[in-house]
Amino acid sequence: MLQFIDISLGHSNATCARCGPPGAEDPRAAREVIAEIAEVSDAWCTAPGPNIGLTGFEPFRHPDIQEIVDACVRMGADRIRLDTEARALTDAETSMSVLAAGVRHLRVVLLGATGSQHDSLASSPGSFIAALDGVQTFTATARNVNARVHVTALIDVCTHNLKAVPDTVTVAARTGVSDVLIRVSDPSLDLRSAAPWLEAACDTGIVNAVWVEVEGIPFGMATGWELHLASTYRAVHGRKAEVCLSCALVDVCSGAVLEASDRILETFQPPACAELLCEQISRGFDSPMERCGHV
Amino acid sequence: MSEPLKVALVALNQPGYQSLGLGYVRSYAEAHDRLRGKVALQTHDLSVDADPWWLAYRILRARPDVVAFSVACWSAASVYETCALLRASRPEVTIVLGGPEVGPIAEDVLHRNPSVDMVVRGEGEETFAELLRVLVSGKRPWMCPGVTARDGDTIVSAPDRPLIENLDEIPSPYLSGTLAPSPTNAFIETFRGCPHRCAYCYEAKGSTRIRSFSRDRVQAEVDHVAEATGHHTFSFVDSVFNLTPDRLSWLADVLEPHARRGLRLHTIEVDIERIDAAQAAELKRAGVASVETGPQSIGERALETCNRAFDPKRFSQGVAELKKQGVSVECDLIIGLPGDDPYDVIAGLRWLLNMDPGSIQASTLRVLPGTHFAATSQEVGLAYKSEPDHSVIQTETMGFADIRRMEVMAAALQSRYRARLH
């Protein structure tokens, strides 16, 4: 719901440094970015304009970020989001300028629950405290000028920070973010063993009054897989089919109604990444669809 | 001549707000012939966020003989704690409660709150004035119609008092000078009652009958509030502003001169499915900047249980007509209605987001005293907090955890939706 169209500002290394060597950071030319914004806006057929997320390269190091944001506004964007490490926003004047330019959404990367963990994985000393300060300065500045903003904490999950994800959600909630997005970006992560940590992260969010999404969807609502993944959104408590007893997630899933499939699909319209997540979680089944009673 | 009975009228409001209800109660009592010179009334509009110890301190400074609270679900917990402090520090003071939170469950309130002496049920103006007369004359309060009171160790309820037929018998608190209009949050009421009987709402108070203030009275109040210095905005507490086309047109006539000078009306409650191009234009003419409406749910089972009609096509058309006029629409959803499951709530959010009304507000069901849901909670499978604020705990179709998840998810979506440029 309320999807953003992501437009890249260039390659970024804002992911776990221990998962692989960093590539060269590479800002994309402003004219290319603006051309893509124009293309998106032209294709947008309803008023007001599209929701645009500027992703990838750190926006506050991009030489033409002001020009790019201005172009978003000029071309009618309704919501503009910056993906950022938020260090620049610790300066209240910068936060004010960002608000004045029209940015109302931020997505701030958190790789751990403590300074030592985050800074080590981000390979950037002081970046944890800077991120939290940046979020707080931005939201306080917005309150002062009565601007409504939305800040998402983005947690990129890999084998190096998996067990810290629930604590990271707690830190994000205390910092005052509006919601949390958990992105499972490490293809080598064993999601069968990861699932309890992701579930715990979702529940940590609930008790701290912050919504947690996994990969943009609530725990992967793809056809047939909600039996395993729907504990966040189960329709009927405790109802499990017999086949659930052999499922890898039986201890963390509360079950859901079998016939909920089509309805869930219609409601959530899960993106393609859900399929990947589900597929990984259900490794070990010969024919998972068959086992779940959907074929 | 004996000293007049000193009466403190107390409401705990959201910061910046004042109680119109207390204004009515006071203006009625002050105009009552048989109370003239016998009672001295003072209004205390205090913040619901304040510490009850500080509230008790403020009230006791006035050295009242009678303390009367207007109680709503959001203020009840603070009121009860304040009453206990008042009773402990001034055993002789008479403590009276009234308002929608306590009237329908008066005996229960007295059982559970030994510091409270009596409860005024239903419309307060006439009953409270009569109760003051009884207190002044030293008679037994539980014989006063509309009052539930203690008689020794027992609790006695006098018969109900009929509703006031002619609302103009209640002096205008604005025109009488009892209530100075708040610069930012003044309210006007043009009628009482509601044509709908939604199962979660106490607005109709069991009756769909509409009783109106006279048009002359409303015109005078509007002119007075609008012309008071610095009043650029106020609102109406009417359950349905567009009750009939004729009435809406008349209200637009009354408000238009002020709207031309910049007056703007906010969060006016409307029946959105009745709004066509003509009604939208009338609302614009009246200076309406934003309206509030349902659908509360789009789930068929919940709508049926709530006794609400919903036509998505007419609803969308109403929103579209208002948007054309530049009027923002706040659409409300209720989480935890019996019959709804989590997917119904999400479908409702999705439907509203696609319509892009301007504002979306999702809130948790509160099973308020006196409502149909309170009376039939077991039948419809509702578990809810018996203490205020009466939030729903779970239903047969949504468990405890699912309701809490929906609350958090809806809050995140609202935040995401409203953070925008246009």
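All chains are named by letter (A, B, ...) in the order of the sequence lines, taking the proteins before the strands, and each is independently numbered beginning at 1. In this text, all values refer to a predicted model and were calculated from it rather than measured experimentally.
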Looking at every non-hydrogen atom in both residues, tell me the closest pair between B:Ala412 and A:Ser178 and how far apart they are.
CB-O, 4.0 Å
Kindly compute the distance separating OG1 (A:Thr152) from CZ (B:Arg416), expressed to the nearest 0.5 Å.
5.5 Å
May I ask you to check whether over 12 heavy atoms, not counting those of B:Trp74, lie within 6.0 Å of atom CH2?
no
Could you go through A:His150 and B:Tyr417, starting from their C-alpha distance and side-chain angles, then the distance that decides it, and tell me whether this counts as side chain to side chain contact (heavy atoms under 4.5 Å, CB included)?
CA-CA 9 Å; A:His150 186 92; B:Tyr417 177 65; over 6 Å; no
Taking atom CZ as the centre, does A:Phe60 end up with more than 12 heavy-atom neighbours from other residues, nucleotides or ligands that are less than 6.0 angstrom away?
yes
Rounded to the nearest 0.5 Å, how far does CG of B:Asp356 lie from CG of A:Asp78?
7.0 Å
If you look at every heavy atom in A:Arg79 and B:Ala419, which pair is closest and at what distance?
CG-O, 3.3 Å
Can you tell me which portion of A:Ala142 sits under 4.5 Å from chain B's heavy atoms? Options are side chain, backbone, both or neither.
neither
Are A:Asp203 and B:Arg404 close enough for a salt bridge, meaning some N to O gap below 4.0 Å?
no
Please flag which part of A:Val210 lies under 4.5 Å from any non-hydrogen atom of chain B: side chain, backbone, both or neither.
backbone
Apply side chain to side chain contact (heavy atoms under 4.5 Å, CB included) to the pair B:Arg420 and A:His105, showing each step before the final yes or no.
CA-CA 8 Å; B:Arg420 66 195 307 186; A:His105 291 250; 5.8 Å; no
B:Leu421 CG to A:Arg148 CZ distance, which is reported to the nearest 0.5 Å:
13.5 Å
